[in-house]
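Heads up, the thing below is written out as structure tokens.
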Amino acid sequence: MAKESNLDAKRHSLSHLMAMAVLEMYPKTKLGIGPTIENGFYYDFDLPGGNGRKIAEEDLPKIEKRVKELIKSKLDFQKKIITAAEAKKLFKDQSYKLELIKELQKTKEKISVYETGSFVDLCAGPHIKNTSEIDPESFKFTKLAGAYWKGSEKNKMLTRIYGIAFENKQQLDEYLRILEESEKRNHVLLGQKLGLFMISEEVGQGLPLWLPKGALLRQILEDFIIQKYLKNGYDLVRTPHIGSEKLFSISGHLTNYKEGMYSPLEVEKEKYYLKPMNCPMHLMIYKNSPKSYRDLPIRYAELGTVYRYEKSGVLHGLTRVRGFTQDDGHIICRKDQLEEEIEKAIKLTKDVLETFGFKDFRVALSVRDPKNKKKYLGSDELWKESENMLAKGIKKAGWDFEIEEGEAVFYGPKMDIKVKDSLGREWQISTLQVDFNLPERFDIDFINEKSQKERPFMLHRALLGSLERFIGVLIEHYAGAFPVWLSPIQISIITVNESHKNYAQEVFSLLNENGIRATLDEDNQTVGKKVREAKINKIPYIVVIGDKEIAAKNINITNTRTEKSETKTPEEFIKDILEEIEEKK
RNA sequence: GCCGGAGUAGCUCAGUGGUAGAGCAGUGCUUUCGUAAAGCAAAGGUCGUGAGUUCAAAUCUCACCUCCGGCUCCA
């Protein structure tokens, strides 16, 4: 009977049992809501104040134990439909429930409650019939967190207990294993271990510093993406980090995006802002000279560093920072070119993302909220046309997409691409947006075939998103073991003893001359130790040089990813590794 | 910003009111070694910052800073 479809009901029922246990242990607790979420459930509690009694992480096992007892006592879940008056009486001490009842009254929905033993909760269901359906070893209360009532910053913060639950212990263990694996891939820890980046309190929150190996990795990525741009008809531009108040007034950022910007610097009575976006400056470049219809499309690209004020609580490693470099591009084109430009941009995005071994994509097409058209700039026709063009482009790339109503920004529809990494976790990476606003604000134009001024269309797009974030995702995706073309150090050359130094030097120089990134480890240490060092640093190839290699004029190569060793001449190895780098395997 | 937890050597951590500790890394010496840790030695600290309580504070109190897990936010 207990099939997969039943899992949500089990999770939801567990949230009720959790509330029941908490209420037993802390009788004056006020209950918020307790829904199911991906992989589990939560319940929000407003714990009795005054005596300072709060739930701590250590209390979770106790609550868990009590819930297991409740499960074993085979309680029924019974649904009852009651009137608003009855509900108000029943939940007279539960202020949050009373609030919910009032809302239900407004929408004239039926009010239902579920009874489990002595516990009653306002709930639409569905639930399981009896707690015996739940495997007592299939769930775990995982963490404690603060959460605003109804998700609004203005409301009181409640204590939320999260739980995860599955059909059985095996599934739970499998999920816990993935969590553990995620922790091993944590890019903040790996970034430190591998010497890629650091964040310094003195420099500031959300402002990562690139260490030599990380800076090299980033340079490799930058070179890669720049070459892609040049081959795809983009013009590189470069713009400053700060811009005057005038610029951001024209762009509208000072009226619409001020909370996201750093406070201005004042120089000679003029205010300058750190740029939160590159678009205004790219538009100034467009305006630098008159444009003909024959000049279009124009595709500007820049690895543009922007600064945005993000609340301190949201900052995280490389994935959420205050200063970051976007691989930013703006395409300005005629209306008749828009469809093709969208298609090309999507195709390029796909091509770039697939280079990194991302195979699963989730594409969201954000369109207007049809009930609230006033919120948006641009005519119905424009919206419809550009939404269709985006949809067509996505389909041509062979992707499915989900339409997200009301998720579009006020100036135009957009598509966002999330990739699934090697552990199946999703990351927001690329974006493509149509902009009806900035061409207007900056009053950009081109001269058409009839010698008349015409307003062009504009697209924003970022393929990697931000380099910081993208590298953060790559670290987790590859668990720090980058493919050879990305590895800051590709080979560790290890000598067996001092007498092998000369030949090792020769091999090192040869690799170096061929543009291969090797290090020479001639430390006075055992081979085992030096191999360990190389493996910890996730260097893809280890070359060991001793008497045998010197005698045979070859080298012994171990691929640390496959653990396979082979012997080749240095020239053969160089040829093979250069091929591997070229193919970006 | 809000709720909860944490901050001790470069890293991982021990230390609950009485002289600040270990392992690893780094340095020096010995060893010259064949695929995940050779041996010995010396060195390494404003115990996040500031104030307070105390004869005495890493330890207790308060404020602040930073980090971690969430919430909210991310035109």
Side-chain angles (χ1 to χ4, degrees), chain A residues 32 42 44-47 54-60 142-162 183 186 188-189 192-193 195 198-206 251-261 276-277 279 308-317 319-322 366 375-377 407-412 414 416 428 431 433 435 437-438 460 469 492 494-501 521-537 542-549 556-560 563-565:
Chain A
Y42 67 78
D44 286 343
F45 304 103
D46 189 357
L47 292 156
K54 292 265 155 151
I55 295 181
E57 297 274 353
E58 300 88 78
D59 299 324
L60 295 183
T142 46
K143 57 199 169 196
L144 213 51
Y148 297 109
W149 168 239
K150 290 189 173 167
S152 166
E153 259 180 301
K154 294 188 185 85
N155 290 336
K156 187 166 180 186
M157 186 161 265
L158 310 178
T159 303
R160 175 173 296 177
I161 302 178
Y162 283 95
E183 192 42 44
N186 180 325
V188 184
L189 297 177
Q192 182 196 309
K193 278 193 190 142
M198 62 180 276
I199 290 167
S200 139
E201 195 178 320
E202 285 77 8
V203 174
Q205 291 182 76
S251 69
H253 285 100
L254 282 175
T255 39
N256 295 313
Y257 195 66
K258 203 169 181 183
E259 344 60 82
M261 293 168 72
M277 294 177 195
C279 355
R308 295 181 188 174
Y309 168 72
E310 303 277 3
K311 287 183 181 174
S312 56
V314 308
L315 300 171
H316 176 70
T319 51
R320 195 73 189 271
V321 291
R322 284 179 171 163
S366 299
K375 251 174 62 184
Y376 305 91
L377 282 177
E407 286 300 307
V409 286
F410 75 88
Y411 54 72
K414 62 168 182 174
D416 293 313
Q428 160 80 51
T431 180
Q433 312 190 350
D435 191 329
N437 179 41
L438 288 181
H460 306 253
R469 187 182 165 76
S492 176
I494 291 170
T495 52
V496 177
N497 70 42
E498 278 177 357
S499 68
H500 310 123
K501 276 187 178 180
D521 192 348
E522 352 172 87
D523 270 8
N524 180 8
Q525 271 300 350
T526 58
V527 173
K529 178 65 181 289
K530 291 193 271 191
V531 166
R532 180 179 146 85
E533 261 339 280
K535 288 188 176 173
I536 286 173
N537 284 302
I542 293 172
V543 166
V544 176
I545 287 174
D547 290 339
K548 279 186 277 178
E549 286 73 24
N556 177 274
I557 303 139
T558 303
N559 181 327
T560 61
E563 294 284 345
K564 279 184 189 146
S565 295

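So you know, we letter chains A, B, ... as the sequences are listed, proteins then strands, and number each from 1.
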Give A:K548 one of three labels, base, sugar-phosphate or nothing, depending on what nucleic acid heavy atoms sit under 4.0 Å from its own. base

Which one is paired to B:A58, where only Watson-Crick or G-U wobble pairs with both distances under 3.5 angstrom count? none

Length of the line joining A:F45:CZ and B:G70:P, which is rounded to integer Å: 19 Å

Can you check whether any acceptor in the base of B:G7 is under 3.5 Å from a donor in the side chain of A:E201, or vice versa? no

Does a side-chain heavy-atom distance below 4.5 Å link A:N556 with A:T558? yes

Mate of B:G4 across any strand shown (Watson-Crick or G-U wobble, both atom pairs under 3.5 Å) is B:C68

What distance, rounded to whole Å, do you find between the two P atoms, one in B:U46 and one in B:A6? 24 Å

Base, sugar-phosphate, or nothing: which does A:E202 touch, judged by heavy atoms less than 4.0 Å apart? nothing

Between B:G52 and B:C67, how far apart are the P atoms? Round to whole Å, please. 28 Å

Rounded to the Å, how far apart are A:K375 NZ and B:A75 P? 11 Å

Using only heavy-atom distances, decide whether a donor-acceptor pair under 3.5 angstrom links the side-chain of A:Y309 to the base of B:G1. no

Determine which nucleotide pairs with B:U53, using a 3.5 Å limit on both distances of a Watson-Crick or G-U wobble pair. none

Mind checking the C1' distance from B:U16 to B:U61? Whole angstroms is fine. 15 Å

Using the benzene-type ring in the case of Trp, are the ring centres of A:Y376 and A:F410 under 6.0 Å apart? no

Kindly indicate whether the side chain of A:K414, heavy atoms from C-beta on, has any atom under 4.5 Å from the side chain of A:D416. yes

Any ion pair linking A:K530 and A:D523 (charged N to carboxylate O, less than 4.0 Å)? no

Could you tell me whether A:A147 contacts a base, only the sugar-phosphate backbone, or nothing, with contacts defined as non-hydrogen atoms closer than 4.0 Å? sugar-phosphate

Expressed in angstrom and rounded to an integer, what is the separation of A:K143 atom NZ from B:A6 atom C1'? 17 Å

When A:N556 and A:E153 are each assigned the nearest nucleotide of RNA chain B, the 5'-most assignment goes to A:N556

Distance test, side-chain N/O of A:K529 to OP1/OP2 of B:A25, below 4.0 Å: yes

Tell me whether the side-chain N/O atoms of A:Y42 come closer than 4.0 Å to OP1 or OP2 in B:G70. no

B:A9 pairs with which nucleotide, Watson-Crick or G-U wobble, both distances below 3.5 Å? none

Atom CD1 of A:I161 and atom P of B:G4: how far apart are they, to the nearest Å? 14 Å

Separation of the C1' atoms in B:G10 and B:A25, to the nearest angstrom: 7 Å

In whole angstrom, give me the gap between the C1' atoms of B:A43 and B:G28. 10 Å

NA contact type, A:G546, heavy-atom cut-off 4.0 Å: base, sugar-phosphate, or nothing? base

Can you tell me, in whole Å, how much space there is between the C1' of B:G17 and that of B:U53? 12 Å

With respect to the phosphate group of B:A75, does any side-chain polar atom (N or O) of A:H253 fall under 4.0 Å of OP1 or OP2? no

Does the side chain of A:K156 come within less than 4.5 Å of A:Y148's, by heavy atoms? no

With sugar-phosphate meaning primed atoms plus P, OP1 and OP2, does A:K535 contact a base, only sugar-phosphate, or nothing at under 4.0 Å between heavy atoms? base

Tell me whether the side-chain N/O atoms of A:S565 come closer than 4.0 Å to OP1 or OP2 in B:U35. no

How would you label the contact of A:M261 with the nucleic acid (heavy atoms, under 4.0 Å): base, sugar-phosphate, or nothing? nothing

Rounded to whole angstrom units, what separation is found between the OH atom of A:Y162 and the P atom of B:C71? 4 Å

What contact category does A:G528 fall into here, base, sugar-phosphate, or nothing, at under 4.0 angstrom with non-hydrogen atoms? sugar-phosphate

Kindly indicate whether the side chain of A:R308 and the base of B:C73 share any N or O donor-acceptor pair separated by less than 3.5 Å? no

Mapping A:G206 and A:D547 onto RNA chain B by nearest heavy atom, which one lands closer to the 5' end? A:D547

For A:K193 against A:N537, the heavy-atom pair lying closest together: O-OD1, 4.1 Å

On a whole-Å scale, what distance lies between the P atoms belonging to B:G44 and B:U59? 23 Å

Rounded to whole angstrom units, what separation is found between the NZ atom of A:K311 and the P atom of B:C2? 10 Å

A:D521 versus A:S492, side-chain donor and acceptor atoms under 3.5 Å: no

Can you measure A:E498 atom CD to B:A38 atom P for me and round it to whole angstrom units? 16 Å

Determine, for A:E259 against A:R308, whether the closest basic-nitrogen to carboxylate-oxygen distance falls under 4.0 angstrom. no

Who does B:A43 pair with, Watson-Crick or G-U, both distances under 3.5 Å? none

Would you indicate, yes or no, if B:A38 has its OP1 or OP2 atom less than 4.0 angstrom from a side-chain nitrogen or oxygen of A:Q525? yes

Where the side chain of A:F410 is defined as all heavy atoms beyond and including C-beta, which of B:A75, B:C71, B:A37 is the nearest nucleotide? B:A75

Does any part of the side chain of A:S499, heavy atoms only, come nearer than 4.5 Å to the side chain of A:D547, both counted from C-beta? yes

N or O in side chain of A:H316 less than 4.0 angstrom from B:G69 OP1/OP2: yes

B:C71 C1' sits how many Å from A:R320 CZ, rounded? 13 Å

Base, sugar-phosphate or nothing for A:V409? Non-hydrogen atoms, less than 4.0 Å. sugar-phosphate

Spacing of the C1' atoms in B:U54 and B:A37 (rounded, Å): 47 Å

Distance below 4.0 Å between A:Q205 side-chain N/O and B:C67 OP1 or OP2: yes

